[in-house]
Protein chains: 2
Amino acid sequence: MAETSYEALKLDHQLCFRLYSAARRVTRLYHPFLDPLGITYPQYLALLVLWEAQEPLSVGELGQRLELESNTLTPMLKKLEVAGFVERRRSAQDERVQLVSLTDAGWALRESAAHVPECLYEALGVSDEVAIALVGALDAFSGEMRSGNAGDARQERA
Amino acid sequence: MAETSYEALKLDHQLCFRLYSAARRVTRLYHPFLDPLGITYPQYLALLVLWEAQEPLSVGELGQRLELESNTLTPMLKKLEVAGFVERRRSAQDERVQLVSLTDAGWALRESAAHVPECLYEALGVSDEVAIALVGALDAFSGEMRSGNAGDARQERA
DNA sequence: GCTTAATATATCGTATACGATATAATCGTA
DNA sequence: TACGATTATATCGTATACGATATATTAAGC
């Protein structure tokens, strides 16, 4: 009955809301840099993975890195294909597997995007200390989080 | 030409991806707790604000707290209205303003949701130290971030 | 070799996000 | 007090997210 019973329900006490709003604010910051390239932020992330892999990846492999499944990736990859940045073809060894590879335009886009990270960092206007602290806190959080299938980021609890 | 020029484009170097994936993972954790209540995670956030305000709020006031605009809020609030948790009516003083208030069912839902925060925290499985560190890091980040209109969350640097 | 289980994507339905624009009501001011 | 500017929502179009299910292909067991 007392208001204090609902103390935990206050927005400012929610770690989740901080994450949720910070993620959206940062994503919005990317817009002016990615829009001229003709890609969205999630598409940019998918391209980061492909650029780094240097080889065709299956939808599942992309999904493992991005923590997304085919229900999200398939439509996005189709858009990237229509835009001319990737190609999709079935694996010869396993027809179930859809292999996603970069086109010439997809590789060329990498050069156009080369400065995006530093532009974004500049636009953020956050000091190195705070940014580094946040990265560390997020890694520790993801490492401890249950069902935080953050790949190899898991760590034993001390 | 050298691979090193693209070092910054590696996914693991992206602060933004950590934020993006951590936010999604936490949101997914809410699902089993909010689904029985018949609400989604963004709807839960909107209700948190209304429960805390204790009075009808305009779409704009809700949006300030949630960092969302009418293009997102209007459809969501209509769903909450159809679900019977809120009422929407125009302000008598200013017909432009849509006032959102809780129904009895909306207030009752607060009791059902009272344990959600601790259930979620339990489900997270993250130590207090790590959680507190992340909250601190996110607040410092949001405080410094340019156009980080984090409301009253800004804080002077020590 | 045939049938069933498992796997990899794809599809579908619903619910956000959000830029751009439209609409309606109020305000400011000549 | 008309009327253009401002303000508060709403609408529209596009692009994710994601649970649930469908489809197609391969693997496994008998």
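Just so we're on the same page: letters track the sequence lines, and every chain starts at 1. Every value quoted in this text rests on a predicted model; they were computed, and no experiment measured them.
- Side-chain contact check for Val116(A) versus Cys119(A): every heavy-atom pair is 4.5 Å or farther apart.
- By the side-chain hydrogen bond (donor to acceptor under 3.5 Å, both in side chains) test, Glu111(A) is found to be paired with no residue, residues two or more places apart in sequence or in another chain being considered.
- Looking at residues two or more places apart in sequence or on another chain, you find no salt bridge (Lys or Arg N to Asp or Glu O under 4.0 Å) involving Arg90(A).
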Enumerate donor-acceptor pairs with a distance under 3.5 Å from any side-chain N or O in residues 11-19 of chain B to protein atoms, sequence neighbours excluded.
| from | atom 1 | to | atom 2 | distance (Å) |
| --- | --- | --- | --- | --- |
| His13(B) | ND1 | Glu7(B) | O | 3.0 |
| Gln14(B) | NE2 | Ala8(B) | O | 2.6 |
| Gln14(B) | NE2 | Lys10(B) | O | 3.3 |
| Arg18(B) | NE | Asp139(A) | OD1 | 2.7 |
| Arg18(B) | NE | Asp139(A) | OD2 | 3.3 |
| Arg18(B) | NH1 | Asp12(B) | O | 2.7 |
| Arg18(B) | NH2 | Asp139(A) | OD2 | 3.1 |
| Arg18(B) | NH2 | Asp12(B) | O | 3.3 |

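- No side-chain heavy atom of Leu62(B) sits less than 4.5 Å from a side-chain heavy atom of Leu68(B).
- Counting only residues at least two apart or on different chains, the salt bridge (charged side-chain N to carboxylate O under 4.0 Å, His left out) pairs with a member in residues 31-60 of chain A are Glu52(A)-Arg65(A).
- Note on Ser58(A): every side-chain N or O is 4.0 Å or more away from OP1 and OP2 of dA8(C).
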Which is it for Val100(B) and Leu73(B) under the side chain to side chain contact (heavy atoms under 4.5 Å, CB included) test, yes or no, and what are the steps along the way? CA-CA 11 Å; Val100(B) 183; Leu73(B) 281 175; over 6 Å; no
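- Remark: Thr74(A) engages no residue in a side-chain hydrogen bond (donor to acceptor under 3.5 Å, both in side chains) (not counting sequence neighbours).
- Ser58(A) and Gln98(A) share no side-chain donor-acceptor pair at under 3.5 Å.
- Per the geometry, CG belonging to Leu57(B) stands 11 Å off P belonging to dT9(D), to the nearest Å.
- Annotation: the terminal axes of the helix from dG1(C)-dC30(D) to dA30(C)-dT1(D) meet at 0°, where each axis is the rotation carrying the C1' atoms of four end pairs onto the next four (5 pairs per end, rounded to 10°).
- Remark: Glu87(A) pairs with no residue by the side-chain hydrogen bond (donor to acceptor under 3.5 Å, both in side chains) rule, at least two apart or across chains.
- With sequence neighbours excluded, the residues forming a side chain to side chain contact (heavy atoms under 4.5 Å, CB included) with Ala105(A) are Phe85(A), Thr103(A), listed by chain and number.
- Within the 4.5 Å cutoff, the side chain of Leu9(A) has heavy atoms near those of the Tyr44(B) side chain.
- Nucleotide dG19(C) holds its P atom 13 Å from the CD atom of Glu67(B), rounded to whole Å.
- Listed by residue number, there are no residues of residues 30-38 of chain A with a heavy-atom contact under 4.0 Å to DNA chain D.
- Phe33(A) is linked by a ring-ring contact (aromatic ring centres under 6.0 Å, His included) to nothing, counting only residues two or more places apart in sequence or in another chain.
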In 5'-to-3' order, the base (B), backbone-only (S) or no-contact (-) status of each nucleotide in nucleotides 10-17 of chain C, using a 4.0 angstrom heavy-atom cut-off, is BBB--SSB
Kindly give the atom pairs (protein nitrogen or oxygen, nucleotide nitrogen or oxygen) under 3.5 Å for nucleotides 21-27 of chain C.
| from | atom 1 | to | atom 2 | distance (Å) |
| --- | --- | --- | --- | --- |
| dT26(C) | OP1 | Glu95(B) | N | 3.2 |

